Protein chains: 2
Amino acid sequence: MHMPSHTDSPIFCTVDVVLLTLRNDRLHVLLLPRDKVPHQGQPALPGGFVRAQEDATAWHAARRVLREKAGIDSPYLEQLATYSGAERDPRGWSVSIVYYALVPEALLGAAASGAAARIVAAHRLPALPFDHRDIIQLAVARVRTKSAYSSLPVYFCGDTFTMPQLQAVYESVLGEPINKVSFRRKIAELDMLETVEGEMEVGKAHRPAQFYRLKRAYSRRLSTSGKGLGG
Amino acid sequence: MHMPSHTDSPIFCTVDVVLLTLRNDRLHVLLLPRDKVPHQGQPALPGGFVRAQEDATAWHAARRVLREKAGIDSPYLEQLATYSGAERDPRGWSVSIVYYALVPEALLGAAASGAAARIVAAHRLPALPFDHRDIIQLAVARVRTKSAYSSLPVYFCGDTFTMPQLQAVYESVLGEPINKVSFRRKIAELDMLETVEGEMEVGKAHRPAQFYRLKRAYSRRLSTSGKGLGG
DNA sequence: ACAATAGTGTCTGTTAGACACTATGCC
DNA sequence: GGCATAGTGTCTAACAGACACTATTGT
């Protein structure tokens with residue numbers, strides 16, 4: 001059986017994670033200072049080598065990296081794309097299997113606030129090493145596209161939320177206002193939410209809003225409607 | 001600089017290609033007998049090791065593999081997903097960056113008919129090694145989804161085609177009939193086709209159909225409409 | 001009572017699909 | 001002329017967005 005020998009195959013295999021959250025109604029991404037050369041100390045996507053002994057799959061490697069480097073266990077962690085080639089990393093021919101995660105800002109504030117973590121606006125990225133800028137832009141594009149016809153943005157919310165809150169989240173992700181009636185129709189159509197009985201948002205000087213949560217069946221799952229939302 | 005040493009990192013990196021075409025109004029996939037163990041001789045997706053010295057990126061590796069193993073240069077070759085893990089290949093921890101290609105049946109007949117190439121219906125797959133069955137099913141699902149709102153199926157056609165031919169292609173890919181008026185409205189909306197002046201389909205005992213081709217600007221590019229087609 | 005936002009009923013313009021009609025080749 | 005399919009005009013039902021109205025809190 002012929003396989004490339006280890007000496008003539010300097011391909012190294014990594015995972016990178018684009019962790020997205022909403023802050024001030026804008027998509028933000030988590031950057032961490034690189035702990036290794038090249039670009040040591042510079043903000044970059046959390047990433048690391050795949051460890052064949054430890055990680056069952058690249059998905060598990062991404063989950064481990066996110067946990068080890070940012071202390072975050074994201075409920076939503078999905079493959080984005082794989083970047084590869086001879087030129088993207090000065091150390092040699094590299095493969096980076098990239099995942100994206102969506103988390104509520106609250107979860108992120110508690111966990112990743114240690115170290116020198118930076119949460120930067122996705123529309124105003126600083127200079128980034130490797131092809132991390134392209135990667136983030138693809139992740140943002142993917143999330144926007146998917147959000148138009150699915151329950152994806154729910155992962156930016158906490159366990160419970162009101163309709164106006166959820167609508168604001170969708171509007172932030174899509175970057176445009178959504179008709180209130182249409183929005184509620186679409187969400188009802190997806191049939192993924194249930195009311196949190198009795199619980200109401202209180203303390204505001206107006207009619208209180210009903211709290212909702214994802215139905216058990218849809219938890220950690222993705223619901224899609226045929227037609228798309230907003231626009 | 002710490003990198004995993006070659007000895008403790010037995011990860012090997014491959015590409016696989018799902019080449020899809022339409023035959024008898026059904027999606028079919030190209031399978032080739034494996035030239036190496038394991039599963040030597042069994043039909044499987046064309047694939048091979050990434051060659052760091054030769055391939056600029058995984059995309060180039062996929063193009064090379066398709067060219068070397070099937071003699072095909074596909075105009076459409078796009079990344080599908082990356083499969084990885086310790087269990088999927090008995091040789092060890094593997095990464096397979098998977099691409100999918102769309103070609104007209106005519107192009108395929110001429111090129112890949114050598115050797116023991118098999119073109120099998122995607123809905124009746126034989127037993128396949130590794131996770132190739134899952135991979136093909138993902139590719140088919142991806143093509144169906146994308147076809148509903150884009151010009152993707154045009155890649156199954158030759159250089160020129162009539163509207164009824166194109167509609168039949170969309171119907172085959174989506175697996176359901178499409179309203180003729182709606183279809184022509186959508187295609188016109190995409191604004192990606194131009195008439196081939198004068199050229200008409202002749203020899204049939206009925207009114208001849210106009211031939212169309214992709215506009216130069218849209219050649220090799222993908223056009224998407226907001227709303228989706230058919231259904 | 002009033003301000004402010006939650007939530008709903010309804011109207012209207014747009015659009016997708018059904019249907020029917022015309023167009024144009026071969027026989 | 002008859003048949004078969006290409007291609008188009010038009011009606012209708014479904015749907016998304018606009019608007020306006022009611023509901024319910026705090027002050």
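Note that these values count all heavy atoms, side chains included, but never hydrogens, waters or copies made by symmetry. Just so we're clear, the structure is a prediction, and the values are computed from it rather than from any experiment. Reminder, nothing fancy here: chain letters follow the sequence lines and each chain counts from 1.
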Practice problem: Select one nucleotide: of D:dT8, C:dG17, C:dA23, the one nearest the side-chain heavy atoms of B:Arg207. | Solution: C:dA23
Exercise. Can you tell me the distance, in whole Å, between the CZ atom of A:Phe183 and the P atom of C:dT8?
Key: 13 Å
Self-check item: Minimal non-hydrogen separation, A:Gln42 against A:Pro129, with atom names
Solution: OE1-CD, 4.4 Å
Exercise. Using whole Å, report how far CD of A:Glu176 lies from C1' of D:dA16.
Key: 13 Å
Quiz item: Any chance the rings of B:Phe161 and B:Tyr212 have centres within less than 6.0 Å?
Solution: no
Quiz item: Counting side-chain heavy atoms from C-beta on, which of D:dG9, C:dG7, D:dG7 comes nearest to B:Val181?
Solution: D:dG9
Quiz item: Between D:dA16 atom P and A:Tyr149 atom OH, what is the distance in whole Å?
Solution: 17 Å
Quiz item: Among D:dG7, C:dG7, D:dG26, which nucleotide sits nearest the side chain of A:Ala205?
Solution: D:dG26
Quiz item: Between A:Arg184 (CZ) and C:dT10 (C1'), how many Å, whole number?
Solution: 16 Å
Quiz prompt | 5' precedence on DNA chain D between B:Arg185 and B:Lys180 (nearest-nucleotide basis) | solution = B:Lys180
Quiz prompt | Presence of B:Lys186 side-chain N/O under 4.0 Å of C:dA16 phosphate oxygens OP1/OP2 | solution = yes
Quiz item: Just how far, in rounded Å, is P of C:dG17 from CD1 of B:Ile187?
Solution: 13 Å
Quiz item: What nucleotide, of D:dG9, D:dT24, D:dA6, holds the atom closest to the side chain of B:His206?
Solution: D:dA6
Quiz item: How close or far is atom P of D:dC15 from atom CD1 of A:Ile178, stated in whole angstroms?
Solution: 19 Å
Quiz item: Is the count of non-hydrogen atoms from other residues, nucleotides or ligands lying under 6.0 Å from A:Lys204 atom NZ greater than 12?
Solution: no
Quiz item: In whole Å, what is the span from the OH atom of A:Tyr212 to the P atom of C:dA6?
Solution: 12 Å
Quiz item: Between A:Arg63 and A:Asp73, is the closest basic N to carboxylate O distance under 4.0 Å?
Solution: no
Quiz item: When the nearest nucleotide of DNA chain D is assigned to A:Gly203 and to B:Pro164 on a heavy-atom basis, which residue is associated with the more 5' position?
Solution: B:Pro164
Practice problem: Nearest whole angstrom, please: distance from the P of C:dG7 to the CG of A:Leu166. | Solution: 12 Å
Quiz item: Is it true that B:Lys215 and B:Glu194 make a salt bridge, defined as a side-chain N closer than 4.0 Å to a carboxylate O?
Solution: no
Quiz item: Is any side-chain N or O of B:Asn179 closer than 4.0 Å to OP1 or OP2 of C:dA16?
Solution: no
Quiz item: The side chain of A:Pro208 lies closest to which of these nucleotides: C:dG17, D:dT25, D:dG7?
Solution: D:dT25
